[in-house]
Amino acid sequence: MQTYESVSLLGRAMKLAYYAYLGDTQLMKKEFERKMAISVEEIQQATSTYLNQDLASVIYYKCSPKN
Amino acid sequence: MIKHKSFILDNGLQVLVHEDHSSEMAVVNLLYKVGSRNEVAGKTGLAHYFEHLMFSGTKHIPEFDSAIERVGGECNAFTNTDITNFYITLPAINLDTALWLEADRMQFLNLKEKPINTQKQVVIEEFKQRYLNQPYGDAMHHVRQLAFTKHPYRWPTIGEKIEDIEKFDRDELLAFYEQNYAPNNAVLCIAGKVNFEEVKARVHYWFDEIPKGKLKAKSIITEPIQDGIRRKQVFSNIPTEALYKVYKIPGRLENNYLTCDLISDVLGFGRSAYLEQKLIKNSSLFANCQSYVLGNIDPGLLIITGKMEKGITAEEAEAELDSTLEIFKEVPIAQQNLQKIKTKLKQCKPTNQYPY
């Protein structure tokens, strides 16, 4: 992965520490591979599960009425 | 994969070393496993406030920053909901100074009234500038408060309200320090022009004697399952209305988190993203629109947000977003488009870390 984070030394150090905190530095690679393997069907399935109105919260950030 | 070797000290400090001899520099990154998720209501903003205090000197070193600068280094830190992360970049030849300074502030922090008060004012000022005196600046305060009823993700890392920060006293800060700033609650990563065996010896030298902290078992309240949509209007003196629609998703290490992450990319990452195409290019209600996930340890949020064109209400925009998402649910994304997004992600997607 040629992200800024993996290119810069600081980014790499941060990432290593973060994944060690998550419990496994191998996760870095595993997660990425897993994400790249996600299928259209899985997206479809998760979309209906999670983009669900019952699980939503909405903030309407509105203009104050003019005096 | 980033090549590295690791070891653990008897006091529990986890250490990783990544050798890279392509430059003359070294990095010392020290992560403490504490963030705003470890706070409780009424005592919010403490993890971030404490990050500031870590720079205000120890019994031996009056000022952390200038000690680092004197050896040609730079340092900074960030706090998010889950972690507090300190980092130093300096010429590799001066690595030992960085290790000494980090070991020093892990045990000898000078929690005197003066820095406690100074940093309190600095943090309160930051709260006002970034969250209160900025258009839409408190939006995530409202979003979190609505989406979470019990879990500490209910407030942003800066804190729920200024009064919480004002009230912290020295005893509470000392307790927080002892509780969290201990080797067995930290991960140390050293990278750059370094030699593993040498670094290992120096880490032992500086950190071995730091006693293990008495960590309290971290029991964090689980957020109850949501059973219906929640809505709230917020009024403010802003030029155009904004919509924040958020959905509950699994935690960072749970099943389906990565799929939700990818869904947020499909919807919102890059110029050809779904929402950009449907809501910006082919419609006139949204001025802009983003979609992303909070990459938290505990179950978090997928956020869809946008600002409206002048004169358009957030309610009107939501109706259009909803019907767009209904189509998104009905019609599967083309394999080819998914592949395009994945290719772009390989090149440039930043990870979700929220610096403060």
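Just so we're on the same page: letters track the sequence lines, and every chain starts at 1.
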Looking at chain B, which one of [options] has the largest number of heavy-atom pairs inside 4.5 Å, strictly under?
options	result
A/Met36, A/Gln53, A/Lys62	A/Lys62
A/Ser64, A/Ala20, A/Gly23, A/Ser39	A/Ser64
A/Gln26, A/Lys29, A/Glu41	A/Gln26
A/Leu51, A/Val40, A/Ile43	A/Leu51
A/Ala56, A/Ala17, A/Ser48	A/Ala56

Check your understanding: With side chains defined as the heavy atoms from C-beta onward, is the minimum distance between A/Lys35 and B/Leu345 less than 4.5 Å?
Key ->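 They are in contact (side-chain heavy atoms under 4.5 Å apart), so the answer is yes.
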Exercise for review: Would you check if A/Met14 and B/Cys189 make a side-chain contact, meaning some heavy-atom pair closer than 4.5 Å?
Suggested key: no
Which portion of [X] sits near chain A, non-hydrogen atoms under 4.5 angstrom:
X	answer
B/Gln14	side chain
B/Ile333	both
B/Asp322	side chain
B/Ile297	side chain
B/Leu325	side chain
B/His4	side chain
B/Ala317	neither
B/Val331	backbone
B/Leu146	both
B/Leu267	side chain
B/Glu318	side chain
B/Asn85	side chain

Review point. Between B/Ile263 and A/Tyr50, does a side-chain contact (heavy atoms from CB on, under 4.5 Å) hold up when you go through it step by step?
Key: CA-CA 10 Å; B/Ile263 289 171; A/Tyr50 297 104; 5.8 Å; no
Check your understanding: What orientation do B/Tyr136 and A/Tyr61 show, parallel under 30°, tilted 30 to 60°, or perpendicular over 60°?
Key ->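 Geometry flag for A/Tyr61 against B/Tyr136: tilted rings.
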Rounded to the nearest 0.5 Å, what separation is found between the [atom1] atom of [X] and the [atom2] atom of [Y]?
X	Y	atom1	atom2	answer
A/Ser57	B/Arg144	OG	CZ	12.0 Å
A/Ile59	B/His141	CD1	NE2	12.5 Å
A/Asp54	B/Arg230	CG	CZ	11.0 Å
A/Asn52	B/Lys248	CG	NZ	11.5 Å
A/Leu16	B/Lys3	CG	NZ	13.0 Å

Checking heavy atoms, do the side chain of [X], its backbone, both or neither come under 4.5 Å from chain B?
X	answer
A/Thr25	both
A/Glu31	both
A/Gln45	neither

Point to revise | Residue pair A/Tyr19, B/Ile2: steps toward the side-chain contact (heavy atoms from CB on, under 4.5 Å) verdict | key: CA-CA 11 Å; A/Tyr19 277 88; B/Ile2 303 168; over 6 Å; no
Practice item. Would you mind telling me which of B/Leu253, B/Thr89, B/Ile249 has the largest number of heavy-atom pairs within less than 4.5 Å of chain A? Key: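 Highest number of pairs under 4.5 Å: B/Leu253.
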Point to revise | Choice from B/Leu258, B/Ile341, B/Leu30, B/Leu301 maximising heavy atom contacts with chain A below 4.5 Å | key: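 Winner by heavy-atom pair count: B/Leu258.
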Review point. What residues of residues 235-247 of chain B sit under 4.5 Å from chain A when you count only heavy atoms?
Key: B/Phe235, B/Ser236, B/Asn237, B/Ile238, B/Pro239, B/Thr240, B/Glu241, B/Ala242, B/Leu243, B/Tyr244, B/Lys245, B/Val246, B/Tyr247
Practice item. Walk me through it: do A/Leu55 and B/Ile229 pass the test side-chain contact (heavy atoms from CB on, under 4.5 Å)? Key: CA-CA 6 Å; A/Leu55 298 174; B/Ile229 191 162; over 6 Å; no
Check your understanding: Looking only at atom types and distance, does a side-chain atom of A/Glu42 sit under 3.5 Å from a main-chain N or O of B/Thr259, one as donor and one as acceptor?
Key -> no
Review point. Among B/Glu315, B/Arg231, B/Lys232, B/Gln233, which residue meets the side chain to side chain donor-acceptor pair (under 3.5 Å) test with A/Tyr60?
Key: B/Arg231
